[in-house]
Amino acid sequence: MTEQAKLAALLFPNSGRSIADYEALYPPRPLPAGAPVTRLAPSPTGFIHLGNLYGAFADERLAHQNGGLFFLRIEDTDEKRETAGAAEALIGALDYFGLRFDEGVTAGGETGAYGPYRQRRRAELYRDVARELTARGLAYPCFCTEDELGEIRASQEAAGANFGYYGLWARHRNLAPGEIERRVGRGEPFTLRWRAPAAAAAVTVQDGIRGRLVLPGNEQDIVLLKSNGIPTYHFAHVVDDHFMRTTHVLRGEEWLSSLPVHVQIFAALGWEHPFYCHTPLLLKAEAGGKRKLSKRKDPELGLDFYRREGYHPRAVREYLLTLLNSDYEEWRLGHPTAPMEEFPFSLARMGSSGALFDLQKLNDVSKNVLAALPPGETADFLRHWAGDWQPEAAAVWTAEREYLAAIVAIGRREANPRKDLVYGTQIFSFLRFFFDPLFTIEDALPDNVGATEARGLLAQYSARYDHAADKESWFAALKRLAAENGYAEKPRDYKKQPELYKGHVGDVSAVIRLALSGRKNSPDLWEVQQVMGEDRVRRRLEAMIQYVGQL
RNA sequence: GGCCCGUUGGUCAAGCGGCUAAGACAUCGCCCUUUCACGGCGGAAACACGGGUUCGAUUCCCGUACGGGUCACCA
């Protein structure tokens, strides 16, 4: 038995499976050649941000567009940061945005033949691989305490050396076997460290987004297993993505600097590393520049923000797609009604510089998405949203379902539909006036129309109101009423000779509009009246007559 | 500080050695119009800087500046 084999047996006394056993247990996937296997591997910290969705969306598209498979693995190796129910919340949030996994952790448990998919449940696997690594002389135990590590760092700082546990700074790299045995026997906790090659050659990696990367070889003896026996990200990534047969790893560019570590471990194990794609970070504009999105300062970073505000999931997806693939918008213009799944997503067209999140752009995308949605669907979406987040809206909207659907349909059947519905909270305040319990007079009468004048106009309008009239005759009647009361039928006439009139039709309809909507701006009056129904129209006119009478 | 990545209008971005340097959002003006929204037309607005290479650089190379990332028993 070699010294190294003895060390492995000392460190990991319970014999387990060999790497070869695992190779047989997790055979290559029965997929056509070239079919991508991608994964989302979040840590369950409870905070789900837009970046998660952004990356997940790229993973999902890549897999599903090319006959591959997309799975969910939970990286719960850091107990300290974990929050309860985080995985379920994540699955729920992604599902809301239309992202489904083929395999991995599910709301109730897990599915798939390459599990377990929660890293804490894979402890045995990591340990078995670690044992073999140790037996091959690629790993060694390190007994350094936090304090000692701090000392090393301080000396490095003083000496102007690079930080880290490497080369001569790696105190326990060449501990005598007897010393190790003694410490283990005493029950001293240890981490298992990677034995990095003394002078690692630069590595060349082909990145799916950045192209050819030449990075300095790794010389750090990074920690593979923490003292509690749980692996670090680096080790878990290599083991899991190998045995789960991941072909494409999409992750944020913050991983670029540890890429040499990963490539090195893959190579040492004789495994082929996955195709890496390092995506840019989502940034946020701030006075003078860009900065990384921050949890505390940017509520729109959290996925909950979009749900709470009532953005349609499709709007968020389309927006993200415009960030993901720059030619998406052009494609959309050419295929206005095609489902976005038909867009040929491509890694090569992903940009490599950080993108600023732009709420205005999202709003624009959202307007277009809602304008294209059948009104019935929009109404259903709104009711669901209100049920979850906006009780006041839920109360009135569910009481009058059909009414809401009719309201949403206003001005949306034409070739150029209205685009004034953006997101839930905005829509709620925009549509309040339609519902009696929420109706108030918000704006004032036009400057050139006094209360008495308004009262007269309203009384006449109310007396002559014909709910059955079509739009043309209704407007003709309105113009007649305006003319009889000294208002120009056409704004142009008034502009030409203002001294001849009190105002123009616009002023008269402004008074009616105020009576019906409480505002000086609203969608087309005739349509509003038709949707409101005759009773409601008459009631509001009466109420307005009372109201201006008191002015 | 070391190493790595990035840098085209306010924002997202086309561009891959020769272009009057696309388009979208935002913005401004005009038109349409009973208000708003929609729609149409038009305007303003960019290759970070300095060296190379080249007949010719936004495009290739090297510096500088700026921004970001990373140097944990976090992912």
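A, B, ... follow the sequence lines: proteins, then strands. Residue 1 opens every chain.
A donor and an acceptor atom sit less than 3.5 Å apart, one in the side chain of A:S509 and one in the base of B:rU34.
As judged by a 4.0 angstrom heavy-atom cut-off over every strand, A:S227 is placed among the base-contacting residues. Within 4.0 Å of A:D524, counting heavy atoms only, lies at least one base atom of the nucleic acid. Contact annotation for A:N521: base contact, defined as any heavy-atom pair under 4.0 Å involving a base atom. Heavy atoms of A:C142 sit nowhere under 4.0 angstrom from any nucleic acid atom. Using a 4.0 Å heavy-atom cutoff across all strands shown, A:S258 reaches no nucleic acid atom at all. Backbone-only engagement by A:R492 is indicated by non-hydrogen atom pairs under 4.0 Å involving sugar-phosphate atoms exclusively. Among the heavy atoms of the strands, none lies under 4.0 Å from A:P42. A:R412 comes within 4.0 angstrom of nothing in the nucleic acid, heavy atoms only. Among the atoms of the strands shown, only primed sugar atoms or phosphate atoms (P, OP1, OP2) are found under 4.0 Å from some heavy atom of A:R193.
One interatomic measurement links the two molecules: CD1 of A:I222 to C1' of B:rU70, which rounds to 14 Å at whole-angstrom precision. At whole-Å resolution of the value, CD in A:E330 and P in B:rC25 are 13 Å apart. Atom P of nucleotide B:rU34 and atom CZ of A:R519 are separated by 22 Å, given to the nearest angstrom. In this structure, the CD atom of A:E414 is 12 Å from the C1' atom of B:rG39, given to the nearest Å. Distance, A:E254 CD to B:rA72 C1': 15 Å, rounded to whole Å. Between the P atom of B:rG68 and the CD1 atom of A:I209 lies a distance of 21 Å, rounded to the nearest Å. As a whole-Å value, the separation of A:R418 CZ from B:rG39 C1' is 13 Å. If you take CG of A:L481 and P of B:rU34, they are 16 Å apart, rounded to a whole angstrom.
The cationic group of A:R153 lies under 6.0 Å from the six-membered ring centre of A:F163 and within 45° of the ring axis, placing it in a cation-pi geometry.
The aromatic rings of A:H234 and A:H262 sit tilted relative to each other, their planes meeting at an angle between 30° and 60°. Ring geometry for A:Y276 versus A:F266: interplanar angle over 60°, hence perpendicular rather than tilted (30 to 60°). Note: A:Y494 and A:H504 have tilted aromatic rings, judged against thresholds of 30 and 60 degrees for the angle between ring planes.
In summary, A:R73 and A:E75 engage in a salt bridge, as defined by a charged side-chain N under 4.0 Å from a carboxylate O. A salt bridge does not link A:D327 with A:R332: every distance from a Lys NZ or Arg NE/NH1/NH2 to an Asp or Glu carboxylate oxygen is 4.0 Å or more.
Looking only at side-chain heavy atoms (C-beta outward), A:H248 and A:R39 stay at 4.5 Å or farther from each other.
Ring stacking is absent between A:Y233 and B:rC74, as the pair misses the limits of under 5.5 Å between centres and under 30 degrees between planes.
Of the listed nucleotides (B:rG1, B:rU34, B:rU35), B:rU34 has the atom at the smallest distance from the side chain of A:W474.
Nearer to the 5' terminus of RNA chain B, by closest-nucleotide assignment, is the contact made by A:D507 (compared with the other of A:D507 and A:P417). In terms of position on RNA chain B, the residue among A:R212 and A:R349 whose nearest nucleotide sits closer to the 5' end is A:R212.
Of the options A:E453, A:Q460, A:K502, a side-chain hydrogen bond (donor to acceptor under 3.5 Å, both in side chains) to A:N485 is made by A:Q460 and by none of the others.
Of the residues in residues 510-518 of chain A, those placing a heavy atom less than 4.0 Å from an atom of RNA chain B are A:R513, in numerical order.
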